[in-house]
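This report refers to the structure that appears directly beneath it.
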Amino acid sequence: MEMLRTPPHLPFLDGPTVMAPNLRPIDEVAWLFPDTEAEPWLEDKRRLMVSQRDQVYAQAGDWATDAAEEAAGLVLGVQSSAPLEIASFTPIERAASTVSDDLCVMVPRDGQFMLGAASLCAPTFWSLTENIGKPLSGLHSLLPQGGTELSSRINRIFAGLQCGPVLERFNWTVQLGRERFTPSSAPMKRALGELEVSDAASDLYLRVERQTIRKLPETGAVLFTIRICVDPLAPILEDGEMKEQFRQAWQSTAEDVAAYKGWPHYQHAIDWLLASS
Ligand code: HEM
């Protein structure tokens with residue numbers, strides 16, 4: 001029996017998932033702290049950074065070096081805990097080893113922000129090796145309508161961003177099991193098809209992405225951080241009010257958005273959970 005904690009964020013309380021930026025400014029001191037995931041994740045993350053480095057770290061080219069160093073400096077500047085000292089590590093990896101957040105450095109090139117360098121240990125069903133070097137439009141191409149409108153909005157926001165404000169946003173989904181290093185959703189979808197509905201339901205987790213955005217003053221790049229929070233869903237839904245809000249958010253999410261997120265695979269297990277008292 002795992003110890004239960006109060007989940008740090010419950011973004012389904014804000015209503016259905018929509019494909020919109022929904023950014024809000026936060027206090028600079030709240031940028032990376034408190035690190036709610038350090039306790040369950042940082043140790044495993046550090047191990048992954050060493051054992052599967054080729055999958056969780058990438059840099060697109062020399063053009064990203066300065067921005068990646070600037071991003072690393074910003075993180076290490078607010079951090080008191082010691083980085084992993086691995087001789088081959090780049091500055092962005094050293095910085096990423098001090099926080100549970102993943103660090104993605106978006107570098108402006110020819111009018112578009114490109115994924116120039118990243119330490120990404122908890123991908124929500126996407127692969128760093130396939131996406132390194134892509135512009136925002138390429139990163140979001142699998143979204144409903146190809147994510148075209150959203151990507152150009154994000155590009156405009158990144159370009160116009162001032163140094164100083166820290167912006168925050170949330171995404172959420174559900175998943176089978178508590179894994180955070182998930183470059184593909186295929187194994188979960190396969191397992192869902194094979195499990196009894198009650199077993200699937202009791203192994204459902206809420207997966208929340210807390211993302212932050214900061215402009216880097218020297219290079220004009222953007223540091224995009226992603227922190228993944230994973231909490232068992234059944235205990236959250238034991239509260240009647242929570243269950244109602246979750247039901248609303250789940251059911252009122254547009255069909256194309258739900259399909260993109262793979263929610264049809266989870267429908268029977270979610271129905272089962274929502275029906276149980
Ligand atoms: C303001 C900034 C951004 C916004 C508003 C945004 C918005 C979104 C949204 C709404 C989704 C769908 C996720 C979901 O709800 O499941 C998504 C997916 C994704 N985003 Fe972003 N995003 C932003 C920045 C970035 C950046 C900087 C990266 C680069 C690392 C990125 C990479 C991705 C990837 C790889 C996916 C998954 C695509 C897939 O399913 O293949 N996003 N984003």
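Every heavy atom of this structure was used, including side-chain atoms; hydrogens, water molecules and symmetry mates were not. Quantities reported herein were computed from a predicted structural model and do not represent experimental measurements. We count ligands from 1, going down the list as the structure has it; atoms in each ligand are counted the same way.
No part of V222 comes within 4.0 Å of ligand 1, judged by heavy-atom distances. The side chain of R169, and not its backbone, has at least one atom closer than 4.0 Å to an atom of ligand 1 (non-hydrogen atoms only; side chain from C-beta on).
No side-chain N or O of T253 forms a donor-acceptor pair with one of W263 less than 3.5 Å apart. In summary, the side chains of Q248 and Q245 do not present any donor paired with an acceptor at a separation below 3.5 Å, with no hydrogens or angles considered. Side-chain N/O atoms of R153 and N155 include no donor and acceptor closer than 3.5 Å. A donor and an acceptor atom, one from each side chain of Q59 and T90, are nowhere located under 3.5 Å apart. Between the side chains of T219 and E70, at least one donor-acceptor pair of N or O atoms lies under 3.5 Å.
Tested against D231, the residues H9, R178, R5 include a single side chain to side chain donor-acceptor pair (under 3.5 Å) partner, R5. With respect to L115, the side-chain contact (heavy atoms from CB on, under 4.5 Å) criterion is satisfied by exactly one of L136, L139, L120: L139.
Look at L150 and you'll find a heavy atom under 4.0 Å from some atom of ligand 1. Ligand 1 lies less than 4.0 angstrom from a heavy atom belonging to N171. Contact annotation: Y260 has at least one heavy atom less than 4.0 Å from an atom of ligand 1. Not a single heavy atom of F125 sits under 4.0 Å from any atom of ligand 1.
Scanning T212, I154, V257 for the heavy atom closest to atom 2 (C) of ligand 1 points to I154. When the options W126, F224, F170, W263 are ranked by their closest heavy atom to atom 28 (C) of ligand 1, first place goes to F224.
When all heavy atoms of D102 and P123 are compared, the pair lying nearest together is OD2-N, 4.4 Å. Across all non-hydrogen atoms, the minimal contact from I228 to E37 is O-CG, 3.2 Å.
Listed by number with element, the atoms of ligand 1 under 4.0 Å from a non-hydrogen atom of L142 are 41 (O). Near L139, with a cut-off below 4.0 Å to any heavy atom, the atoms of ligand 1 are 28 (C), 29 (C), 34 (C), 35 (C), 38 (C). Set against the non-hydrogen atoms of I213, the atoms of ligand 1 under 4.0 Å away are 1 (C), 2 (C). Interface atoms of ligand 1 facing K261, defined by a heavy-atom separation under 4.0 Å, are 14 (C), 15 (O), 16 (O).
Under the 3.5 Å distance criterion, the side-chain polar atoms of K45 are matched with a main-chain donor or acceptor of V99.
Taking any N or O of H140, backbone or side chain, at least one lies under 3.5 Å from an N or O belonging to ligand 1. The shortest N/O to N/O separation between T124 and ligand 1 does not fall below 3.5 Å.
Counting protein heavy atoms only, atom 11 (C) of ligand 1 is closest to L143 CD2, 3.7 Å.
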